[in-house]
Amino acid sequence: MKRRPGSVSLGLALFLAAMSCWSAALAEEKRAYPNMSKSADIVIKRGYSPEALKCIECHAKETPGIVAGWKEGRMAHAGVSCYDCHVVDASSPMASQCKGLKGTRIFTSPMVSPKTCARCHPTEVDQFSKSGHAKLASAPVVEKKKFKNLIYELEGGTFAGVPGESKLRLATRQSGCQMCHGAEVQLGPDRKPTNDSWPGGIGMRYPDGGVGNCVVCHNRHQFKISEARKPEACAKCHLGPDHPDIEIYYESSHGQIFLTDGENWKWDSAPDAWEPGDYTAPTCATCHMSGIGELNTTHNVNERLHWDLVHPKSVVRSGARGDGEKGRRLMRKVCANCHSTLHIDNHFAKLDRAVELYNFYFDKATAMIDTLKAKRLLKADPWKDPAQELHYYLWHHTGRRARHGAAMDGPDYAHWHGFFQIFQVYKDIEDIYNYRLKHNEIEELSPVMSTGPL
Amino acid sequence: MKRRPGSVSLGLALFLAAMSCWSAALAEEKRAYPNMSKSADIVIKRGYSPEALKCIECHAKETPGIVAGWKEGRMAHAGVSCYDCHVVDASSPMASQCKGLKGTRIFTSPMVSPKTCARCHPTEVDQFSKSGHAKLASAPVVEKKKFKNLIYELEGGTFAGVPGESKLRLATRQSGCQMCHGAEVQLGPDRKPTNDSWPGGIGMRYPDGGVGNCVVCHNRHQFKISEARKPEACAKCHLGPDHPDIEIYYESSHGQIFLTDGENWKWDSAPDAWEPGDYTAPTCATCHMSGIGELNTTHNVNERLHWDLVHPKSVVRSGARGDGEKGRRLMRKVCANCHSTLHIDNHFAKLDRAVELYNFYFDKATAMIDTLKAKRLLKADPWKDPAQELHYYLWHHTGRRARHGAAMDGPDYAHWHGFFQIFQVYKDIEDIYNYRLKHNEIEELSPVMSTGPL
Amino acid sequence: MKRRPGSVSLGLALFLAAMSCWSAALAEEKRAYPNMSKSADIVIKRGYSPEALKCIECHAKETPGIVAGWKEGRMAHAGVSCYDCHVVDASSPMASQCKGLKGTRIFTSPMVSPKTCARCHPTEVDQFSKSGHAKLASAPVVEKKKFKNLIYELEGGTFAGVPGESKLRLATRQSGCQMCHGAEVQLGPDRKPTNDSWPGGIGMRYPDGGVGNCVVCHNRHQFKISEARKPEACAKCHLGPDHPDIEIYYESSHGQIFLTDGENWKWDSAPDAWEPGDYTAPTCATCHMSGIGELNTTHNVNERLHWDLVHPKSVVRSGARGDGEKGRRLMRKVCANCHSTLHIDNHFAKLDRAVELYNFYFDKATAMIDTLKAKRLLKADPWKDPAQELHYYLWHHTGRRARHGAAMDGPDYAHWHGFFQIFQVYKDIEDIYNYRLKHNEIEELSPVMSTGPL
């Protein structure tokens with residue numbers, strides 16, 4: 001972040017003379033940057049370098065919406081401009097030039113990697129890097145071999161009839177998976193990202209080695225802290241059939257209070273000074289990331305979690321997934337800001353029991369699938385085999401909904417989209433299982449099809 | 001509600017002397033209540049009793065979020081504090097003690113029953129008690145014998161393989177049913193609620209005989225009237241596949257106006273002074289509960305209803321379900337605040353015809369099920385029998401969506417999630433019916449499965 | 001729009017005398033219009049005609065909500081009142097009289113056709129008339145013969161058992177289709193609309209020849225420009241299983257910024273002065289209708305579109321559907337206000353590839369259906385034939401979700417509700433296709449049923 005010293009912080013004695021000089025300088029700069037009009041006055045006083053001003057000036061004309069947003073936001077208030085985040089060293093693998101820079105020795109990138117963000121926010125990037133939001137997020141998209149089965153799922157099954165090397169196979173990744181999970185940026189000959197590897201979601205992997213995409217939650221170019229504190233910042237990805245977290249939040253008492261009273265809350269308190277009273281119910285950030293009571297802010301969203309509610313069978317987090325015992329202790333401290341020990345105990349007893357019930361059905365369903373497999377009674381294409389499809393829906397869709405619903409007190413999701421469907425899915429697997437074992441063959445035309453419990 | 005007389009309402013003549021005394025008193029109280037800091041100044045002037053202050057002081061430290069919310073809310077403004085609602089008589093079946101009260105003769109309960117609320121709000125509690133929101137709401141959860149079939153449905157079918165007395169069977173009730181419907185509180189040896197019977201939804205039944213849970217709509221500890229007036233207060237329960245009332249509202253013209261203009265409305269008018277002009281479209285509360293024009297506010301949500309749109313076959317309300325003829329008259333008076341007689345006539349003609357069409361299909365589907373039953377062509381487990389499952393979805397899911405969609409002008413729900421699906425469900429029941437009659441046996445592997453038209 | 005000259009714009013010299021006269025006149029008018037109370041003072045000063053005042057006066061009593069909304073809105077500020085829009089010529093086919101006008105020679109209609117709106121807003125109505133929002137919108141409801149197959153779909157299949165001429169058949173149209181698509185108004189003997197042909201959606205056809213329904217987006221009687229700029233104005237119709245545009249918007253980065261920051265935006269800039277900076281992300285209106293940069297505002301929503309993403313197979317728009325090449329150029333100009341050429345290129349490359357992949361599956365699925373048809377292996381009732389039902393879901397539901405999701409950057413819809421389901425639906429059609437070809441007959445009890453991938 002480069003700033004030149006403020007040229008107009010003058011003592012009163014020099015005021016008139018200075019005003020005269022400054023006006024002349026301003027008039028001159030306005031000739032140089034005719035598009036900046038009124039904004040220029042403000043910007044110039046802040047003391048950006050001539051190079052930074054050229055970026056701002058040109059983009060005020062080329063992409064006025066970006067400059068307008070930036071002017072309202074945190075970065076501009078701190079004197080951080082285009083130049084500070086987008087200029088890269090000539091030796092950077094992603095060093096390119098916008099048309100305004102052609103012929104100069106300044107290089108930029110349309111991409112800003114967390115390595116750049118870490119220059120001013122090292123703690124946040126470090127915490128983030130240890131979370132499931134970093135490498136783990138994009139692993140299913142990037143490390144295809146490791147996640148062969150999962151990629152299969154992400155891509156919704158084989159591409160019937162699409163040639164193996166066809167670019168068409170990228171269409172779903174580009175418009176779907178990668179937009180939340182992230183991808184590994186590929187560079188074209190101009191060292192700009194190719195059109196199928198960028199942009200993407202939270203786990204982006206950049207050519208400079210940076211992993212993560214801060215603007216997913218802190219949208220450019222305002223970077224408002226109020227945005228990241230609101231549930232909708234998380235809802236871009238945490239929604240839908242497989243992890244309807246925003247839907248669950250909205251139907252919880254917490255969400256009900258947010259939706260009916262949030263417009264009155266103080267959303268822009270300083271990072272370590274946001275506390276109950278500024279709000280009267282927590283948002284996603286409050287419980288999972290924000291400082292509250294004696295807890296510090298963290299960008300490691302795994303830190304306060306006890307259970308792994310994402311994978312097929314739920315276990316207490318350990319190892320790479322975090323420390324589940326510590327997670328429970330920390331989350332209880334969050335709850336304790338507003339709830340009695342009795343209330344907290346009851347909540348977690350409910351969650352633990354829901355997880356146990358889910359695991360019970362998952363284990364029984366998995367045992368049936370294993371038996372069918374051993375007896376060669378599974379179809380080769382799992383996406384044409386209702387037994388395998390339903391098993392997938394059991395954990396990935398209905399099972400997550402039941403578990404997340406119980407964890408965040410969304411009764412409609414815990415029940416109707418969760419356990420109610422788990423029961424039906426389980427019974428349908430059972431019917432197929434019984435039929436195949438009885439006849440020792442797979443039914444010719446399978447009874448359950450594409451609809452799935454979405 | 002106990003308050004001590006204000007000690008600082010002094011005449012001007014005594015001002016300086018009093019200020020001195022009061023400052024000293026305040027300093028002394030601050031020593032006693034060190035956590036109250038600035039809040040204490042305000043609180044003490046209000047004149048809470050020493051016992052009430054002790055509650056506030058301790059909870060400002062132990063659960064600061066509760067105290068922060070309370071300070072912003074209606075109760076604090078009226079001088080009502082923890083003590084007034086949570087202290088119970090020593091003889092109360094739910095008399096327990098928080099750790100701050102151990103050794104004293106003061107007893108409290110974490111639960112506040114409507115019997116307590118009725119001390120200041122007798123009319124509201126009385127109206128509420130006559131509505132479907134009271135005993136009827138929790139009947140399916142509590143009165144299992146009466147609602148054997150419904151409980152079956154609520155629990156999503158039998159628990160395949162879960163032992164009959166296993167606590168696991170409570171998991172779905174705890175995280176699902178009870179959170180909206182309510183439950184009957186069971187007490188532990190400490191006379192506090194057990195962790196599987198509390199908290200719960202609107203029809204809670206308390207050990208003191210109180211029925212209802214006011215904080216479901218008036219969240220503690222702010223109890224804002226603006227909250228209960230907003231549609232999201234109702235949306236905690238009135239959503240989802242079986243009664244998507246918030247979804248329907250949002251897609252109605254009423255909801256469209258609320259969503260685009262509601263931020264400009266006057267939400268905090270006095271209870272009997274909220275009227276068109278304060279808002280430019282109604283919310284759930286406006287039509288079903290609020291005073292408007294010549295109508296008084298009511299907490300009996302059944303009062304303005306004509307049809308019973310919840311049960312399998314829709315009939316005009318009578319008896320315990322209300323007076324449907326009166327309901328139509330009252331609701332028309334609501335509409336008449338903004339709509340012409342022509343518009344109102346057209347709306348109800350549309351609703352009545354939609355109900356008639358739904359009933360037509362319901363009757364025909366029910367006749368098929370009855371025939372199959374008479375011919376012993378139904379499976380023993382209804383959740384493995386598509387004929388019975390589809391019949392359930394017909395009335396409980398698609399049928400309610402069509403009827404509620406028509407009642408509140410949500411065309412997407414009336415059509416796509418409603419009648420469009422009713423037609424498909426009906427035809428599928430018909431296919432199964434024809435197959436079973438023709439072969440005089442139940443198909444070996446049934447064609448429809450777990451997905452349901454959710 | 002008739003206004004009488006302002007009677008109280010007096011010079012200072014005449015002030016006292018005039019005040020006296022005016023007070024007397026006001027007192028007299030108040031006697032005539034006792035319901036107007038304080039509002040009357042304002043209204044009278046504005047100088048409405050006596051006839052207009054009678055309307056306002058009577059409706060302030062009869063339908064106070066309408067008058068309260070109108071007072072807050074644009075029309076009242078411009079001096080436009082009930083009289084100006086609802087009074088029609090005695091010769092109008094829809095000339096009727098409200099009870100207040102009985103016996104007079106003034107005729108009104110409860111309906112206001114775009115022909116009336118065009119008196120002051122001719123450009124907007126003209127642009128609108130050329131869009132798919134006008135005649136095309138209500139064509140499926142009104143021109144049944146042309147859209148025989150589509151009407152079938154809109155009505156969800158045949159009405160099993162409902163007599164052909166039964167009024168019951170109108171129930172779904174009235175509560176569903178017509179409320180978004182519009183209808184052709186039928187008049188009763190009193191020349192007021194019949195209760196099954198009015199009200200309705202955006203493509204309404206009025207007896208005076210006007211087509212369109214402006215209040216669908218500019219709700220009466222406030223007609224706020226801020227409403228039409230908010231995404232929820234479009235969401236009344238653009239939602240749900242077949243075109244979940246609001247859901248996609250909310251999960252896009254644009255929607256995320258709107259949801260977290262929109263409360264701070266300037267929503268009421270003048271029609272041709274709303275620009276980036278007033279907002280920091282676009283809404284539906286911004287991209288599809290509003291003036292931005294060098295583009296003028298348009299009420300032809302087709303103007304900036306490249307693809308037809310609504311019909312079974314996507315083609316570049318031409319002829320009656322618009323000019324797709326021009327559409328792409330215009331939309332790129334919208335994007336360019338905030339995005340680099342690289343970003344815009346990448347976005348449209350992604351969209352074009354997604355459309356290509358969708359078309360690939362649509363063509364293959366259609367070929368299977370065609371083969372089955374040629375071999376007489378389709379059922380007569382398409383709504384009992386999973387092959388035909390799934391083919392319909394492929395394009396009308398999952399296919400639109402994938403395409404719209406890719407177009408507006410909603411990854412959850414592009415993937416889970418889109419391509420993921422397209423793959424399953426495709427495979428299921430394939431299974432049925434293979435079975436029928438192999439056995440040269442239709443399966444007796446079909447494997448997929450009513451649920452559909454809704």
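Protein chains get the first letters and strands the later ones, always in sequence-line order, with residue 1 at the start of each. Hydrogens, waters and symmetry mates are skipped; everything else that's a heavy atom, side chains included, is used.
- Neither the backbone nor the side chain of A:Cys234 comes within contact range of chain C, judged by heavy atoms closer than 4.5 Å.
- Going from atom NE2 of A:His59 over to atom SG of C:Cys338 covers 12.0 Å, rounded to the nearest 0.5 Å.
- For chain C, no part of A:Gln178 is nearby; none of its heavy atoms comes within less than 4.5 Å.
- Taking all atoms of both residues into account, the shortest heavy-atom contact from C:Pro276 to A:Gly65 is CB-CA, 3.5 Å.
- Of the listed residues (C:Lys438, C:Glu356, C:Glu275), the one with the most heavy-atom contacts under 4.5 Å to chain A is C:Glu356.
- Note that the OG atom of C:Ser340 and the NZ atom of A:Lys99 stand 11.0 Å from one another [nearest 0.5 Å].
- If you tally non-hydrogen atom pairs under 4.5 Å between each of A:Lys167, A:Glu72, A:His221 and chain C, the highest count goes to A:Lys167.
- Pairing each heavy atom of A:Ser175 with each of C:Lys350, the nearest pair is CA-CD, 3.7 Å.
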Is there a side chain to side chain contact (heavy atoms under 4.5 Å, CB included) between A:Lys384 and C:Asp431 once you walk through the steps?
CA-CA 8 Å; A:Lys384 287 197 165 188; C:Asp431 274 355; 3.2 Å; yes
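- Of residues 224-231 of chain A, those residues with a non-hydrogen atom less than 4.5 Å from any non-hydrogen atom of chain C are, in numerical order, A:Lys224, A:Glu227, A:Lys230.
- Heavy atoms closer than 4.5 Å to chain A are found nowhere in C:Thr341, neither backbone nor side chain.
- Distance check, rounded to the nearest 0.5 Å: CG of C:Asp412 to CG of A:Leu239 gives 4.0 Å.
- The contact between C:Glu443 and chain A is made entirely by side chain atoms (from C-beta outward), counting heavy-atom distances below 4.5 Å.
- Counting heavy atoms of neighbouring residues, nucleotides and ligands inside a 6.0 Å radius, atom CZ of A:Arg74 does not exceed 12 of them.
- Taking A:Ser166, A:Ala171, A:Ala68, A:Cys98 one by one and counting their heavy-atom pairs under 4.5 Å with chain C, the maximum is reached by A:Ala171.
- Considering all non-hydrogen atoms of both residues, C:His415 and A:Gly176 come closest at CB-CA, 4.0 Å.
- In this structure, the side chains of A:His181 and C:Pro411 stay at 4.5 Å or more apart for every pair of heavy atoms.
- The distance from the CG atom of A:Leu168 to the CG atom of C:Asn359 is 10.0 Å, given to the nearest 0.5 Å.
- A salt bridge between C:Arg353 and A:Asp196 is present, with a side-chain N of the basic residue lying under 4.0 Å from a carboxylate O of the acidic one.
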Go through C:Asn337 and A:Thr63 one step at a time and tell me if the side chain to side chain contact (heavy atoms under 4.5 Å, CB included) criterion holds.
CA-CA 5 Å; C:Asn337 280 274; A:Thr63 54; over 6 Å; no
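- Using cut-offs of 30° and 60° on the angle between ring planes, the pair A:Tyr392 and C:Phe420 is tilted.
- Summarising the geometry, atom SG belonging to A:Cys217 is positioned 7.0 Å from atom CD belonging to C:Gln256; distances are rounded to the nearest 0.5 Å.
- The closest side-chain donor-acceptor pair between C:Thr260 and A:Glu232, if any, does not fall under 3.5 angstrom.
- Looking at C:Asn264, only its side chain comes within 4.5 Å of chain A, counting heavy atoms on both sides.
- Side-chain contact check for C:His439 and A:Glu444: at least one donor-acceptor pair (N or O, by modelled atom type) lies under 3.5 Å.
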Could you go through C:Trp416 and A:His396, starting from their C-alpha distance and side-chain angles, then the distance that decides it, and tell me whether this counts as ring pair (Phe, Tyr, Trp, His ring centres under 6.0 Å)?
CA-CA 12 Å; C:Trp416 287 114; A:His396 194 272; 5.2 Å; yes
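- With a threshold of 4.5 angstrom between heavy atoms, A:Thr194 approaches chain C through N, CA, C or O but not through any side-chain atom.
- Within residues 342-349 of chain C, the residues having any heavy atom under 4.5 Å from a heavy atom of chain A are, by residue number, C:Leu342, C:His343, C:Asn346, C:Ala349.
- By the neighbour-count criterion of 12 heavy atoms within 6.0 Å, atom NZ of C:Lys333 is sparsely surrounded, having that number or fewer from other residues, nucleotides or ligands.
- Neither the backbone nor the side chain of A:Val215 comes within contact range of chain C, judged by heavy atoms closer than 4.5 Å.
- Note on C:Gly405, C:Ser252, C:Ala336, C:Gly418: by heavy-atom pairs under 4.5 Å with chain A, the leading option is C:Ala336.
- Proximity to chain C (any heavy atom under 4.5 Å) is shown, for A:Pro64, by both the backbone and the side chain.
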